[in-house]
Amino acid sequence: MDMAKTYEPKSFEDRLYSEWEARGYFRAEVDTTKRPFCVMMPPPNITGQLHMGHALNNTLQDILVRFKRMQGYSAEWVPGTDHASIATEVKIVEQMKEEGLTKDMIGRDGFMVRAWEWKEKYNTRIVNQLKKLGSSCDWSRLAFTMDNHLSAAVSKVFVNLYNKGLIYRGSRIINWCPTCKTALSDAEVEYIEHDSNLWHIAYPTVDGEDRLIVATTRPETLFGDTAVAVNPNDERYSHLIGKMLKLPLTDREIPIVADDYVECEFGSGAVKITPAHDPNDFEVGLRHNLPILRVMNDDGTLNELCGERYNTLDRDVARKIVVDDLKEQGYLVKIEPYTHNTGCCYRCHSIVEPIVSKQWFVSMKPLAEPAIEAVKSGEIRFVPERFSKTYFNWMENIKDWCISRQLWWGHRIPAYYCDKCGELVVSETTPDICPKCAHTTFSQDEDVLDTWFSSALWPFSTLGYPDKTAELDYWYPTTVLVTAYDIIFFWVARMIFSGIEHMGQIPFGDVLIHGIVRDEQGRKMSKSLGNGVDPLKVIEEYGADSLRFSLASGIAPGSDTRYIESRVESCRNFINKVWNASRFVLMNCEGKTLPKVGTFELAPEDKWITCRLNDAIAEITSNLEKYEIGMAAGRIYDFVWTEFCDWYIEMSKSALYSDDEDLKCRKASYLEYILTQILKLLHPFIPFVTEEIYLNLPNHTDTIMNEEWPSVNAGEFGAEHDRVEFLRDVVRATRNVRAEMNVAPSKKLRVYLVTDVDISTIKPIMLKLINAETVEVVDKATISDKCTTVVILGAEIMIPMGDLVEFDKELIRLEGELANVDKEIKRCEGMLQNERFVSKAPEAVVNAEREKLAKYRETQSVLIGKINEIKAIM
RNA sequence: GGAAGUUUAGCUCAGUUGGGAGAGCGUCUGCCUUACAAGCAGAGGGUCAUAGGUUCGAGUCCUAUAACUUCCACCA
C-alpha cells in the first residue's frame, strides 16, 4: 500500500485526467443496445476565463453524466465554446486600443485574423480549465459556434426562416449602443436607475399668443421633435390641438396632436414627440403620420440636422448646452429632479440610444406559440417548476427579435445585394446571377448575427445538423439542459423555439435551473467589485474534488449559493476522511487472502451496515434522478462519515484486532466491499480521489468510471439490525456518562446490563467501543455495587461508580434526566388524552406514542428509585 | 406597475407527499484512543419573520402583513 497519510489531490488529479482522456473514457458512441443520455454544455464565452458560475454549472453536469454513465447509459456530454460576438469584439477592441489600434486601422480582414488568434488562445485556456475541474465531456465532439458545420447550420436556418417569411429587414426603432456601435436586441438592454431631471420647456405657438410646456428627460433630442402630443381628453389643452408650435432653438414649426398615450397627470401633460429616438414616440409618429427625423449619429453625437451650433456635439455635452441655451432664451420653465431607469448596454454598460435603423428581424409570434405549448404540455419540464412562469411571461409578450449587429466578429448575414441593381438575394452561398438584372457580382451584407442566433441551434448544430446524422437520430432530443436562470431568455427560450422549428422536435426534456454563485457576503461576483474567486486558485489549494463537493452540497435547484472558503475546507476534510478510511481498509486487507463476499456468514454489524447502505443507495439514486443534487451529496456525506467511519469501522475493529485469522479476513473483505460501494456512490461528486483509491484497492486495475452504479440488495437482516441499533444506544449512553461524569476514556469500566436482548454476538464490539473491562447481562437483584444507572429503550445500563464518580454530580445528572423524561411523558400523555388524536390519527402513529409513553414511565420509575438511593447514601 | 423568491441555531444554509427541529462553520468541555488533530467523544445554542386560518397535529398547506432580493415592464 502506498497511500500517503493525508489526502494530497495534486499528486494525482492531473495524472488521472490525462489517463481518462488518453483511454477515451469520455467518448460515447451511438449504441442502440444502450439507452441514450445527452447533455449539451452551455458553451462558455471565449472572452476570458472560467468563473465560479462555470465551475458550478459544469460540476452539476458532470455529476449527472458520470451517474448516468455508471447506470449504463450511453452518456454523451458535448462540450464547446461560444464566439460571443459582441462580448469578444469589445475585448479585442480594448486590447487593440492598448496598442494604439482601431478597427478601421486594421480593417475587417485584419481584425478577423486577430479575432481567430484570440479564439485559439482563450478556447485552449477554457478547455484546460474544464479539464482541471474533472469534467468528463466528450472532447472528440468539442464544438465552437463558428466552426464550419455550425456556421453552415446558421446559414441554413437563416435562409429557411427568410423563405418562410419569418425573417425580414426593415426600419424600426432599435436599441443602439453608441460605444459598441451596433444594434442590440431588447434582451441585451439592462435598465439601471439614474438620477436625472425632468426639464420643463415652453414651446410657443406660432402666433406668439400662447405656449405649451412640455416635460422631458431628453432635452437634447428636441431637434428631432416633429410634434407635441397631449391627451385628447385634457381640457387644459383641447383648444390647442391642431395648432402649430415653434420649436425652440430652431426655425421649425411642429403640430400639436392628440393621443391617448399621453397621461394628463405626468409632467405637464404635454409630450414632445421624437419618433426617431423613442420607441413610444415612434408609435405615436406612425399613428399621426409624422416625419421621422434622425438627429443623432451612430457614435451618440448630434448630426447636421441640429444646426451648426450643435452639430457633432456628444449627447451629454449637447444636453448641457441645449439646457443653457433654452434657459438663456427664456424657454426653460422648471427643472425638476427625477429618478428613472435608463437602458444600458449589457456588455459595455453605456447608455443605449433608441434609434430608427434598418435591421434584420425575426418574427417571433409564430415561433413562440409552439414553444409555449411545449412547456405547457409538460413535454419540456423546468426544474424547479416555477421557472416556467418566467418563461411564459417572456414568451407570451415577446416582440420581434433584432438579429443584425454592426460588428465583424460573428456569422455574417447570408444576404447579398446585386452590385448593379441592389436586388436582395438571401442564400447559403454567394449567388451566381441576379434574378432581376442578371448581373453576376454581389456584395454580402456587412452585418453579423446576434451571437444568440447561433447558440439557439446548439443542441442540434453540435450533433451534425443540417446533415441527418446518426448522432442526431440517437441523442436528439437531448435529456437535460443544465443552466443558470440568468440566461433563460437569451438562450433557453431561443433553443426551444429553434429546436421545434428546425428539427420538428423539442431540444431537451428537462431544464435544470441552478442559481448563481455569490461572494461570502451574498454579493454578485463581478470585475468591478473585484470579489470574484478564481476556481483554478481554489483547485490549486484544495483540489478539484473539494471545490466540486462544496459547490454540489447544500444547494437547492434554482437558488443562489455563496462561495465560502470554510465550506471548501470542510469538504476537503471530508475527502481526507474518505482517504483515511480507505487507508485503514487497505491496511487491513494487506497480506490477507480475502474470501469472496457471499461465501461467508455476515456478522451483525455487517448486516447492519448493509441495511444502512441500501437505504443510502436508494435515497442517493432517487435524489440524483430528481436532480436534487444537494440532497444526494448530503446523504452520501452523512452515510460515509457517520455510519461507515464512526460506527462500522469502529465496530469492525474488535474483529480486526482479534486473534482469529479467518474472522480478520472476513472482516477485511466486507470492509473492502462496502468501501467499494461507497467509492462508486461518491464518484460522480469527487471523481479524482475515488478513482485514485479505487485503483489502489486489491483486484481493481480498471477505472471506476465505467463500473456499475450500486443497486439495492434487499436483505432480511431485521433482527441483527435491531441488535446493532441496541448496541449503539448502549455505547452512546455509556459515553454520555463518561463525558458528564468526567471519566477519562482511558479508564476501563465495568458495565452491567439489565436486558432481554441477546448480546452474545455484539459483546466483543461493545467492550471495545465503550472501553470496558467487562460487560455482563445480570439480574438486577444480584448487583450489590453502588451503580450509576442509565435507562435506554430495552435496557438499564448500570456502571459501578466506585471512585469513578462523585455522588453530588451524579445526583444532578440523574435529576436532569428525570426532568427530560417527565417532559416527554407530559407530551405523550397530552397527545394520547386528546380523543380526536386517538380517533383520527393513523393507528401506527398512535401506537408508537403509546409504546413511547410506556417506556418513558419505566425509565421514570428507575430514575426516581436511583435518586432516592443516592440521597440515602449521602 | 406586474411577477417570483427569501425570512429556520452566532454565521452560511438544508429540511421532497403535514406526524417528536438538522448539517457545516464558529463557541464551550474532555481526549495526541495504533485510519484520520484536515481527527475523536460530548455540550450549549432555535416561540422555524409576524398575525390569523385549515387540521387530531403545521417549519411544511391557505390568507393577510412586514423586511430583503431578483426578474419583467418602462409614463415622456
Side-chain angles (χ1 to χ4, degrees), chain A residues 3 5-7 186 191 198 214-218 221 229 261-263 265-274 278-281 284 338 340-343 384 386-387 389-390 392-394 397 485-486 488-489 515-516 520 522 524 542 546 550 553-556 558-562 564-567 569-588 622-623 626 628 630-631 633-634 637-638 645-646 649-650 653 657 731-732 735-736 738-740 742-746 768 771 824 827-828 831 834-842 844-846 848-849 852:
Chain A
M3 284 176 71
K5 197 177 166 184
T6 48
Y7 156 64
D186 294 339
Y191 288 87
L198 210 45
V214 301
T216 180
T217 54
R218 302 286 322 261
T221 62
Y261 153 73
V262 182
E263 304 230 347
E265 293 75 31
F266 190 88
S268 61
V271 188
K272 69 190 209 50
I273 300 299
T274 323
D278 182 281
N280 291 308
D281 293 5
V284 175
Y338 183 61
H340 69 130
N341 290 332
T342 17
R386 66 183 141 92
F387 286 101
K389 259 195 179 167
T390 314
F392 290 138
N393 185 46
W394 193 70
N397 298 300
Y485 56 72
D486 56 353
I488 291 177
F489 306 137
I516 59 174
E520 299 217 9
K524 234 174 170 166
Y542 295 99
S546 305
S550 80
S553 37
I555 55 161
S559 21
D560 290 349
T561 176
R562 298 187 190 195
I564 295 172
E565 186 167 350
S566 67
R567 209 150 75 193
E569 202 177 323
S570 86
C571 289
R572 192 268 320 263
N573 294 353
F574 168 66
I575 297 170
N576 186 53
K577 186 77 180 174
V578 173
W579 182 264
N580 275 292
S582 307
R583 225 161 53 87
F584 175 81
V585 172
L586 264 166
M587 214 179 253
N588 284 289
S622 86
N623 277 319
K626 288 186 291 189
E628 287 283 1
M631 270 193 250
Y637 180 98
D638 199 50
C645 293
D646 292 349
I649 285 187
E650 291 309 317
K653 283 179 180 172
Y657 298 159
V731 171
R732 281 202 192 105
R735 282 176 178 165
N736 239 313
R738 267 189 195 279
E740 287 183 38
N742 220 347
V743 179
S746 52
K768 169 91 189 139
N771 192 25
E824 290 302 322
R827 191 190 57 79
C828 278
M831 280 179 90
N834 182 340
E835 198 252 316
R836 286 181 303 182
F837 169 70
V838 178
S839 60
K840 291 196 173 176
V845 175
V846 177
E849 281 311 311
K852 280 186 219 164

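Here is how names work: the chains are called A, B, and so on, in the same order as the sequence lines, proteins then strands, and each is numbered from 1.
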Checklist entry - Any idea which heavy atoms bring Gly515(A) and Asp560(A) closest together, and the distance? => result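 Where Gly515(A) meets Asp560(A) most closely, the heavy atoms are CA-OD1, 3.4 Å.
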Checklist entry - Minimum heavy-atom separation for Ser553(A) to Cys571(A), with atom names? => result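 Reported closest heavy-atom pair: OG-SG, 4.2 Å.
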Counting only side-chain nitrogens and oxygens, does [X] get under 4.0 Å of the OP1 or OP2 atom of [N]?
{"X": "Lys653(A)", "N": "A35(B)", "value": "yes"}
{"X": "Tyr191(A)", "N": "G1(B)", "value": "no"}
{"X": "Lys5(A)", "N": "C36(B)", "value": "yes"}

Next on the checklist: Regarding C36(B), can its base be found pairing with the side chain of Asn576(A) as donor and acceptor, where the two atoms are less than 3.5 Å apart?
Outcome noted: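 Such a pair does not exist between side chain and base.
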Checklist entry - Looking at A41(B), does its base get a donor-acceptor pair with the side chain of Arg735(A) below 3.5 Å? => result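 No.
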Checklist entry - Given that Leu198(A) and Glu849(A) both sit by RNA chain B, which one's nearest nucleotide is further toward the 5' end? => result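 Going by which nucleotide is closer to the 5' end, it is Glu849(A).
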Please give, in whole Å, the distance from [N] [atom2] to [X] [atom1]?
{"X": "Tyr657(A)", "N": "U33(B)", "atom1": "OH", "atom2": "P", "value": "13 Å"}
{"X": "Tyr7(A)", "N": "A37(B)", "atom1": "OH", "atom2": "P", "value": "17 Å"}
{"X": "Arg732(A)", "N": "A41(B)", "atom1": "CZ", "atom2": "C1'", "value": "12 Å"}

Item to check | Side chain proximity check, His340(A) to Leu198(A), heavy atoms < 4.5 angstrom | outcome: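 No, every pair of side-chain atoms sits at 4.5 Å or beyond.
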Item to check | Close side-chain approach of Asn771(A) to Arg738(A), heavy-atom, < 4.5 Å | outcome: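 Result yes, sub-4.5 Å side-chain heavy-atom pair found.
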Under 3.5 Å, N/O pairs linking protein and nucleotides 16-19 of chain B:
| from | atom 1 | to | atom 2 | distance (Å) |
| --- | --- | --- | --- | --- |
| U16(B) | O2 | Lys626(A) | NZ | 2.6 |

At a cut-off of 3.5 Å, list every protein nitrogen or oxygen paired with a nitrogen or oxygen from nucleotides 21-30 of chain B, distance to 0.1 Å.
| from | atom 1 | to | atom 2 | distance (Å) |
| --- | --- | --- | --- | --- |
| G24(B) | O2' | Ser570(A) | OG | 3.1 |

By the 4.0 Å heavy-atom rule, please label [X] as base, sugar-phosphate, or nothing.
{"X": "Gly630(A)", "answer": "nothing"}
{"X": "Arg738(A)", "answer": "nothing"}
{"X": "Tyr485(A)", "answer": "nothing"}

Checklist entry - Once the angle between the rings of Phe266(A) and Tyr338(A) is folded into 0 to 90°, is it parallel (under 30°), tilted (30 to 60°) or perpendicular (over 60°)? => result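 Ring orientation of Phe266(A) relative to Tyr338(A): perpendicular.
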Next on the checklist: Parallel, tilted or perpendicular, judged at 30° and 60°: which one describes the rings of Trp394(A) and Phe489(A)?
Outcome noted: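 Answer is parallel, since the angle falls under 30°.
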Checklist entry - Salt-bridged, Glu520(A) to Arg567(A), with N to O below 4.0 Å? => result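 Salt bridge flag = no for Arg567(A) with Glu520(A).
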Next on the checklist: What stems show up for RNA chain B when you take Watson-Crick pairs (N1-N3 plus N6-O4 or O6-N4) and G-U wobbles (N1-O2, O6-N3), both under 3.5 Å, and require three or more consecutive pairs?
Outcome noted: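 Stem list for RNA chain B: B:1-7 with B:66-72, B:10-13 with B:22-25, B:27-31 with B:39-43, B:49-53 with B:61-65.
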Next on the checklist: Please pick, from G5(B), C75(B), C40(B), the nucleotide with the shortest atom-to-atom distance to any side-chain atom of Arg386(A).
Outcome noted: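 Closest nucleotide among those given: G5(B).
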Item to check | Separation of the C1' atoms in U6(B) and U65(B), to the nearest angstrom | outcome: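 It works out to 16 Å between them.
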Next on the checklist: Can you see whether Tyr637(A) has Lys577(A) sitting over its ring - NZ or CZ less than 6.0 Å from the centre and within 45° of the normal?
Outcome noted: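 Judged by the rule (NZ or CZ under 6.0 Å from the ring centre, within 45° of its axis), Lys577(A) is not positioned above Tyr637(A).
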